[in-house]
Every structure is written in structure tokens, then in C-alpha cells.
There are 2 protein chains.
Amino acid sequence: MKKTETRIQKKNHSAIKAAGLKVFAQFGFRGSTLDQIAAESGLSKPNILYYFASKEAIYEALLAQLLTDWLQPVRDIDPAGDPVEEILKYAKHKLKMSRLYPRESRLYATEIIQGAPRIKSVLTGELREVVENLTLLINHWADAGLIRAIDPYHLIFSIWAMTQHYADFDVQVKAILGERDHFEDAEQYLEDMLRRMLTV
Amino acid sequence: MKKTETRIQKKNHSAIKAAGLKVFAQFGFRGSTLDQIAAESGLSKPNILYYFASKEAIYEALLAQLLTDWLQPVRDIDPAGDPVEEILKYAKHKLKMSRLYPRESRLYATEIIQGAPRIKSVLTGELREVVENLTLLINHWADAGLIRAIDPYHLIFSIWAMTQHYADFDVQVKAILGERDHFEDAEQYLEDMLRRMLTV
DNA sequence: CGTTAGTTTGACCAGTTGGTCAAATTATTA
DNA sequence: TAATAATTTGACCAACTGGTCAAACTAACG
């Protein structure tokens, strides 16, 4: 598909995606304008449309990238590993992504809040499947007595909710806690919570 | 302020706010248009601007209403009540609001994700103060040995995150769980989690 | 160095945006 | 019922929207 990408193409594609991420994450698809992305990326509007067919194409490129990054760590959970540690590893990974890539998290959040018009098929397809497998694994662990019996779906939701909260509601968290880094405390709380939920 | 509001004013003000809530919650402030709100409310665009000075005025009226509804249940927590039950009552109340008023939750979420440009002062003011008081109470309870020692801030964040998740990420939750009502299971999970976190 | 392929842009366009306003319509009240 | 106040609207506007395009410019390469 992308056999030969020139130096300039590579640079500009990523500059546009970086700018698009910044703008879309803040204003959502409809609230964002090509002029904003142009200003943010330092390119002219027609130049942006030379590299991406449309505003929507930029948005979809970002979403596609995001979804693979989102799903991979779930797939990386090792069924042969220690259950509590595996779940903890996943949760911590998710939290770290919230700290390092809060804009990606916000972009995803706005898309979902708006009804996920462009990725609903991924939600009911790939995401659902990946989650289904994870719930089976969790139930299997519970049956084997390795963790406490627990609703696997809501366990997963609680991990998502708590980790993404720190990225999506960053302003609110900072308004309450101040500007200093709070991710260390968050991780400790999350670990404590999960251990209590998973061990008998 | 609103001494005499005629029958028609009352009807149209609330029709516009209802329509605005629906539209703003889905598309955010910048992504929403007066034409959408007009269509949704059944009024003409100039007629809407007869009742509200601007698009922004509608949005701010909604946010103001929302914030008081948001803060009240925190204030209603009874310092003299049973700690675990009080916190549980609050969490369940929050979850119920997610079920009954998901659009309000989404409107708030989009505003926060976008950096809370219009309510940052409320966050660092009223909200912070109310949360501060709650953390003092929780610490007090912990000191008295009525609940386990716990980081009160992240406890609050976890309640917010988990309850609002079911409203804000409704599409995703439904993509995974199907269309049937999942709030009963969510409440059970939430209660289980909080009891485990709060009791020794 | 000259040619070609890749890149950038100013000018432009049709549709949409929030908002205005005078005039028409409807409700209220004396 | 007549006059007054409140409500509604069609026509309109300037600014902005995503997108186009031919022409100018720059990089790559034989």
C-alpha cells in the first residue's frame, strides 16, 4: 500500500496527523476545522488536502491507528501468566497510556460519546471479540480458583473507566489535586483496588 | 431575576434547553449548530434567539443547571451517617443519574474533555471546595476506624469514573454487552467494589 | 544541467454558520 | 373589542466552512 513514501511525505503525513490529533481531541470531528489543523501543522490548507483526501480521512487515519494501539495490550495478556499480575500489568499499561497519550484517549472518548458513528462496526466486531476472549479467560481463572469469582465485564469496564478518567478528565483532576503529577498515587490506588477485587 | 415567566416562555425555554442538551451532548459546543437545535426543538432559529441571547447562552444555561445537580448529592452526604452506607448511597445515586440522564453526563464530559473553558472557575472553586470537604470527612472516618484508610481523592475519582462511564461510553458498553439493561449488574459490581475498598 | 516528478500555494467556490431586523402574527388585558 | 404587549418569522448578512484547481515552485535524478 505505502510502498514508497518520500522523506517529505513521511514528514508531512505525521505533522498533519499530530496536528489533527491535537485539534480533533479537543473539539471533536465536527467542531474541528481544516484551518485549525493547517495552523497547528504549519502547512497550508490546500497542502493538507494534497496529503489527505479530506478532513474525514485525517480523522479516520487517527482512529485506525488508535484502535490497534488500544486492542494490542488486551491481546498481550498471557493466559499462562499469573492472573492477578497479568490483569495488573494490563491496567498499569492502560494507565501509562493515559499519562503519555492523553490526547489519543480524549480523541477516542469524543468519538464514543458522539455515538461512535465511524467505528461502531469495530466496537461490535474486533473490540467485542477481544473482550469476549478476555472474559472467558477471567472466568477460567476464577473457575480454577486463581482469582475470586467476579463479573469480568464490569471488571474490564472499571479498569477502562478509571484509567481513562485521568486523561479525559485531566482538567478536573488537576483542578482538585493541583498541577503536580498524580499518576503515582493513581497507580497505587488502582493496584490496591484490583488486588482487593481479585484475591479472595 | 425570573419573576414573571409567561406560560409560553416557560414552555419554549425548556423546549430549547431540552433540544440544546440533546445536540450539545452529542457534538460539543462548536460542533453543534443553532439550526440543529431549532430543528430538534421545533422552533425557528430567530425564535430561539428571541429566548436566548446566543448559542453560547443556551449552552451556559445547561451547564449551570448541570453543575448544581452534580454538586448537591455530594453535599447531601451525611457526616453523622454510617460511612460505608453514605458513600454507597452517593455512588448509587451517581449511577442512577447516569442511567436516567446520560445526556447530561455526556454534555459535562465533552465540556471537560475540551478543557472546560467555560467552567474552569467552578472546578477550581465550588467543586474543589466540595471535594475538599468530602476528603476531610473520609479521612475523619478513617481516623475514627469506621472505614479503612484510603486515598480519598482517588476513591472519589474512581466513583465518578465508573458511574459516568456507563453514560459516556454507552455505545461501547452496549456493543460489548448487548442492548439489555446492564445497570443492575453495574450497581452490584460497584457496591461490591466499594465495600471491599472501605471495610477492613 | 535539463527534465521530470513531487510539492506548495493564491485565488476561488458553493454551502453553512451565528446572528439581525423589520414586519407580521398571536396573546393578553383594559 | 380595541389597544398593547409578547411572539414568530422570512429575508438577509458577513464570516467561515471544506474543498478545488491551475499555476508556480522545488527536489530528484539521469
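Letters go in sequence order (proteins before strands), and every chain restarts at 1. Just the heavy atoms: all of them, side chains too, but no hydrogens, waters or symmetry mates, feed the values below. Source: prediction; values computed, not measured.
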Please check the phosphate of [N] (OP1 and OP2 only) for any side-chain N or O of [X] closer than 4.0 Å.
X: Y50(A); N: dT8(C); result: no
X: Q9(B); N: dA6(D); result: no
X: Y51(B); N: dA6(D); result: no
X: N12(B); N: dT8(D); result: yes
X: N47(B); N: dG10(D); result: no
X: R7(A); N: dA28(D); result: yes

To the nearest angstrom, how far is [X] atom [atom1] from [N] atom [atom2]?
X: K55(A); N: dT20(D); atom1: NZ; atom2: C1'; answer: 17 Å
X: L34(A); N: dG19(D); atom1: CG; atom2: P; answer: 6 Å
X: I37(B); N: dT16(C); atom1: CD1; atom2: C1'; answer: 15 Å
X: I8(A); N: dC29(D); atom1: CD1; atom2: P; answer: 11 Å
X: I16(A); N: dG19(D); atom1: CD1; atom2: P; answer: 13 Å
X: K10(B); N: dA27(C); atom1: NZ; atom2: P; answer: 18 Å
X: H13(B); N: dT8(D); atom1: NE2; atom2: P; answer: 11 Å
X: I48(B); N: dT17(C); atom1: CD1; atom2: C1'; answer: 14 Å

- request: Please assess D151(B) against Y189(A) for the test side chain to side chain donor-acceptor pair (under 3.5 Å), listing each intermediate value before the final yes or no.
  value: CA-CA 7 Å; D151(B) 185 322; Y189(A) 182 91; over 6 Å; no

field: Salt-bridge present (E60(B), K55(B); N to O < 4.0 Å)
entry: no

- prompt: Does E191(A) come within less than 4.0 Å of R196(A), counting only side-chain N to carboxylate O?
  reply: no

field: Heavy-atom closest contact (Q164(A) atom, S98(A) atom, distance)
entry: CA-OG, 3.6 Å

message: With a sphere of 6.0 Å drawn around OH of Y51(A), does it hold more than 12 non-hydrogen atoms of other residues, nucleotides or ligands?
response: yes

message: Of the options dT7(C), dG18(C), dT7(D), whose atoms approach the side-chain atoms of T6(A) most closely?
response: dT7(C)

task: Between A53(B) and S44(A), name the one whose nearest nucleotide on DNA chain C is closer to the 5' end.
output: S44(A)

message: At 4.0 Å (heavy atoms only), tell me whether L49(A) reaches a base, stays on the sugar-phosphate, or touches nothing.
response: base

- request: Would you mind classifying the nucleic acid contact of F52(A) as base, sugar-phosphate or nothing, using non-hydrogen atoms under 4.0 angstrom?
  value: nothing

- prompt: Where each residue is assigned the nucleotide of DNA chain D containing its nearest heavy atom, which of S32(A) and P46(A) is assigned the position nearer the 5′ end?
  reply: S32(A)

field: Polar pair under 3.5 Å, donor/acceptor by atom type, side chain K45(A), base dG18(D)
entry: yes

